[in-house]
Protein chains: 2
Amino acid sequence: MADIAIKRKNRDTSGKRKIILEHAVQVFIKNGFASASMDEIAETSGVSKRTIYNHFQSKANLFQAIVADFIADRDRKRPIEYSKDISLEEQLRDFAAAELFLIDDPVRRGLSRLITSIFLMDLEFGEHIHGQYSPYQSLIQWLEAAKKHGQLDFLSSQLAARVFYGLVEGCITWSAMLSDGASLQGVDQILDELIEVFLSRYRKVR
Amino acid sequence: MADIAIKRKNRDTSGKRKIILEHAVQVFIKNGFASASMDEIAETSGVSKRTIYNHFQSKANLFQAIVADFIADRDRKRPIEYSKDISLEEQLRDFAAAELFLIDDPVRRGLSRLITSIFLMDLEFGEHIHGQYSPYQSLIQWLEAAKKHGQLDFLSSQLAARVFYGLVEGCITWSAMLSDGASLQGVDQILDELIEVFLSRYRKVR
DNA sequence: GACTAATTACACTACACGGTGTAGTGTAAT
DNA sequence: ATTACACTACACCGTGTAGTGTAATTAGTC
């Protein structure tokens, strides 16, 4: 494959672009979208402001690119399917892992906070981000499979899914965002407890 | 008492002040703090900008006044104490009611969203608001009382409280904020289910 | 070394917005 | 009639900042 050399004339500018994105994230996280200035982003990146505008049409555009990367990163995980051979606990832990991924790294956590704060004030934007989030649908499928297999019992898989995600998000995600990760201390035990709570209610008694 | 007439000279300006506060809330909710302009607030209020600055030192000051009112409103509810004569379900519903109060009215819900979005990006501000929130401590007391009375069983009241609030906030509060209240459909049944989930795990079996 | 795309430095525009100063008005108390 | 005062309308200032135009410079490719 000669894809790399398909156009020799143009230099590879992806390095600068990447540098800009990485530093812009920091500035946006630190100041929020509105208060982050393009001058500061340029300075932090060690790049002229003009170069930023050569790579990105506008501030909003730059931010979009960051969000797009974040979403792509988040969605890299494949949906999880029900398995008879793995304990319910372990499989539920897998679902929670997708949520933990959003907050266990300081940069991702910062971005989660920023993006969440934006779509608290702009619900349309929120739809756009949250709408394409698959794990939730995936969990519903999983719950129904587990019910069919006689391991779980509930009336509404919708409601059960809401309970599970509510538990994880309420007890872990939100408190981690609001405490900047401090509440992630001992998160494994907390998660075990949440799963225990969930199964206390929905595990089928034989 | 002639307190009202203690100084006849000053006219009562609380009317204008109230009007400004009420309309400023709308503008802040619509645009966020940074993007809300004092000119728009003046126009919306039907009041000259100068008058706003006669009542409030600055934009930040005006916003503080709004937040203070919100907090005062929120904290009007007295803490709940354990009672042997009321079912656990009913008492837990009472705790949840304090949370529901923050999101059942469109204006309060808007303010909740705004304030939350601000302290996602400014954790110090968050401390200030969240730090003085009593229901959480109050629930821990309640849980321990119920345990002593032999109705509940758990190792850590901290963790149990976290689970309960996590359930309520994760399943109800956050989803109501992000859906602008749409998810409040059938919230009573959902709450019943959450309490059932909680008690499935922590109710003492005799 | 020549060519040229990428980058820089920097001056500049356009504009929004927080906040102030002021001249003047309506009104209720004296 | 006078006074005190809340209020309005409006011009104005300073500043921060998104975004542009341009000439000069750097550096990768041939």
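Labels below follow one simple rule: chain letters A, B, ... track the order of the sequence lines, proteins then strands, and each chain is numbered from 1.
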Rounding to a whole Å, what distance do you find between B:Leu62:CG and C:dG18:P? 11 Å
Side-chain N or O of B:His55 less than 4.0 angstrom from OP1 or OP2 on D:dC7? yes
When the nearest nucleotide of DNA chain D is assigned to B:Gly15 and to A:Tyr53 on a heavy-atom basis, which residue is associated with the more 5' position? B:Gly15
Can you tell me how far P of D:dT20 sits from CZ of A:Phe56, to the nearest Å? 15 Å
Measure the acute angle between the ring planes of B:Phe125 and B:Phe119, then classify it against the limits of 30° and 60° as parallel, tilted or perpendicular. tilted
When you match A:Ile52 and A:Lys49 each to their closest nucleotide on DNA chain C, which lands nearer the 5' end? A:Ile52
Taking the side chain as every heavy atom from C-beta outward, state whether B:His23 and B:Ile41 have any atom pair closer than 4.5 Å. no
Do A:Ile20 and A:Leu62 touch side chain to side chain, with heavy atoms closer than 4.5 Å? yes
Is the shortest side-chain heavy-atom distance between A:Lys30 and A:Glu40 below 4.5 Å? yes
Decide side-chain contact (heavy atoms from CB on, under 4.5 Å) for B:Ser175 and A:Arg162; before the verdict, give the C-alpha distance in whole Å, the side-chain angles of both, and the deciding distance to 0.1 Å. CA-CA 10 Å; B:Ser175 78; A:Arg162 186 167 173 179; 3.3 Å; yes
Presence of A:Lys16 side-chain N/O under 4.0 Å of D:dG28 phosphate oxygens OP1/OP2: no
Under 3.5 Å, is there an N or O donor on one side and an acceptor on the other linking the side chain of B:Arg50 and the base of C:dG21? yes
Please work out whether the ring planes of A:Tyr202 and A:Phe154 are parallel, tilted or perpendicular, with thresholds of 30° and 60°. perpendicular
Can you tell me how far C1' of C:dG18 sits from CG of B:Asn61, to the nearest Å? 14 Å
With no hydrogens and no angle check, just 3.5 Å: does a side-chain donor-acceptor pair link B:Gln91 and B:Trp142? yes
Rounded to whole Å, NZ of B:Lys59 lies from C1' of C:dA16 at a distance of 11 Å
Every stem of 3 or more Watson-Crick or G-U pairs under 3.5 Å that DNA chain C joins, in order of first number, is C:1-30 with D:1-30
Side-chain N or O of B:Ser48 closer than 4.0 Å to phosphate OP1/OP2 of D:dT8: yes
Quick one: B:Asn54 CG to C:dG19 P, roughly how many Å, whole number? 14 Å
Look at the rings of A:Phe63 and A:Phe33 and say which category their plane angle falls in: under 30° parallel, 30 to 60° tilted, over 60° perpendicular. tilted
Side-chain touch A:Glu89/A:Arg93, heavy atoms, less than 4.5 angstrom: yes
Whole Å only: how far is the CD atom of B:Gln57 from the P atom of C:dG19? 10 Å
DNA chain D contacts among residues 29-43 of chain A, heavy-atom distance under 4.0 Å: A:Ala36, A:Ser37, A:Met38
